[in-house]
There are 2 protein chains.
Amino acid sequence: MPKRVDHAERRTEIAKALVRVAGRRGLHAVGMRDVAAEAGVSLRLVQYYFETKEKLLLYGLQHLAERFGERVAARSRTVGDNPGPRAMIEALLMASLPTDEESRAFHLVYTSYAVLAVTDPALAAQPFIRNPDAAEDVLAGLLRQAQEADLVAPGVDVQLEAASLLAMSAGLGTSVLVNQRSPRSAVAVLEHHLNRIFQGSDQDP
Amino acid sequence: MPKRVDHAERRTEIAKALVRVAGRRGLHAVGMRDVAAEAGVSLRLVQYYFETKEKLLLYGLQHLAERFGERVAARSRTVGDNPGPRAMIEALLMASLPTDEESRAFHLVYTSYAVLAVTDPALAAQPFIRNPDAAEDVLAGLLRQAQEADLVAPGVDVQLEAASLLAMSAGLGTSVLVNQRSPRSAVAVLEHHLNRIFQGSDQDP
DNA sequence: ACCATCGTGGTACGTTCGTATCACGAAGAA
DNA sequence: TTCTTCGTGATACGAACGTACCACGATGGT
């Protein structure tokens, strides 16, 4: 039975198990045995594909970042074929809000990694630090695009507004995560600022 | 030597040690023995004053919230005797940004607690969930006060702007914490939005 | 057909953690 | 004084963790 196995696929499956159990019980409470059980494999196998726990965590973070990218892309595709910049921005921001159970787990694990990264140099060096910067540039690009289409006033500082929206989204996301704020009200706050930036363009039916 | 001892004082000192070491190495890496060593007492004493680790964490969170209140109060007092609402709001927002080493530790530990609270019911029930709500009301009150003094346009939704500023502050704080954004630029973003809300009033020398 | 290697299981080891137990000196109450 | 309670130390215990070790069946190369 034990043929040659695709390592990458196996590693991904285990990483997915890691994210699942971390989303359920918190990353701090996850051990290798838990990951093994969740993935339905033996402890030895987790050791085999990731020699050490640190490597497992690192790979888990990578996997999480990838999944986030896919999530945003999927949400973007939902808004239609030729969405305006605003619809695209909305999709991007809403995708990073912990609305359903999956994205809640997502936010939780991501925040856990962020906390770990403050004290763990190996994690701090990961691209997870570079990704949000890229997101800010993308958002700023969309805003500039909207500006050139006269949807946004020329005086608006797009880079700064992009940073603001992202920071707000992150802050609101955390509030939603700890059940301090409802997803609905978080969306309302973001919509308000989009309305402000896209002055003159109104859209809530 | 062993006279009667003020329990509250002792507990506070131990809680301070907990926060210190958690700020240095991350809350996840803190054990009772570390706290004992940091406080300069024996492990037994930590056990004696807090029977269980959970109680220690709970008390630590309380202590942290209190210190945050004092921190904000102190920062408010700095702005002078009769500060305008804007100066007060600035003090409040800047106080919750991780600028110096102390407030960095502060943010880190606070965020760690937030992550734990998602999966730990005992922590989730703590006032730490209620505090930010109060902060939002205070901020909204200050904005309304400014509105009545004609420093803020009448059309502004103060509650919503308060929520926005707080969310932004939290999000920016995290960015600063993971060295993804400089404190200076975080301050700039906040200042921008204060300038927007306090339209017409300018103040940076 | 043989052998090296791969995938896998089981299990043991050393450490660390939170907690519990035993012991004892000092101080206030009687 | 005598005794009870308080504060403190040292140490032990059981569990859980990450990791290492050993064994073995299956497979592919030669």
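By convention in this document, chain letters (A, B, ...) are assigned in the order of the sequence lines, proteins followed by strands, and residues within each chain are numbered from 1.
- Among the nucleotides C/dT19, C/dT11, D/dT8, the one closest to the side chain of A/Leu43 is C/dT11.
- Between the NE2 atom of A/His28 and the P atom of C/dT16 there is a distance of 21 Å, rounded to whole Å.
- Spacing between atom NZ of A/Lys55 and atom P of D/dG18 amounts to 16 Å, rounded to whole angstrom units.
- The phosphate of D/dT8 has neither OP1 nor OP2 within less than 4.0 Å of any side-chain N or O from B/Ser42.
- Of the candidates C/dT11, D/dG7, C/dT19, the closest approach to any side-chain atom of B/Lys53 belongs to C/dT19.
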Residues B/Ser164, A/His193; criterion side-chain hydrogen bond (donor to acceptor under 3.5 Å, both in side chains); working and verdict
CA-CA 9 Å; B/Ser164 306; A/His193 285 274; 2.7 Å; yes
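- One atom, CD of B/Glu51, and another, P of C/dT19, lie 10 Å apart when rounded to the nearest Å.
- Atom pair A/Leu18:CG and D/dG18:P shows a separation of 11 Å (rounding to whole Å applied).
- Comment: B/Arg71 engages B/Asp100 in a salt bridge, judged by a side-chain N to carboxylate O separation of less than 4.0 angstrom.
- A/Leu45 places its CG atom 12 Å from the C1' atom of C/dG10, with the value rounded to the nearest Å.
- Taking only side-chain atoms of B/Thr52, from C-beta outward, the nucleotide of C/dT19, C/dG7, D/dT19 with the closest atom is C/dT19.
- Interatomic distance, NE2 of A/His7 versus OH of A/Tyr49, reported as 4.5 Å (0.5 Å rounding).
- When all heavy atoms of B/Pro85 and B/Leu151 are compared, the pair lying nearest together is CD-CD1, 4.1 Å.
- Annotation for B/Glu13: atom CD does not count as buried by contact number, only 12 or fewer foreign heavy atoms lying within 6.0 Å.
- When distances are taken from the side chain of B/Arg44 to each of D/dT8, D/dG18, C/dG10, the shortest belongs to D/dT8.
- Rounded to whole angstrom, the span from the CZ atom of A/Arg10 across to the C1' atom of C/dC6 amounts to 12 Å.
- Between the P atom of D/dC21 and the CD atom of A/Gln47 lies a distance of 11 Å, rounded to the nearest Å.
- Between A/Tyr48 and C/dT8 there is no side-chain N or O to OP1 or OP2 distance below 4.0 Å.
- Taking atom CZ of residue A/Phe50 and atom P of nucleotide C/dG7, one finds them 14 Å apart after rounding to whole Å.
- An OP1 or OP2 oxygen of C/dG7 is reached within less than 4.0 angstrom by a side-chain nitrogen or oxygen of A/His7.
- Comparing A/Tyr49 and A/Arg33, the nucleotide of DNA chain C nearest to each residue sits closer to the 5' end for A/Tyr49.
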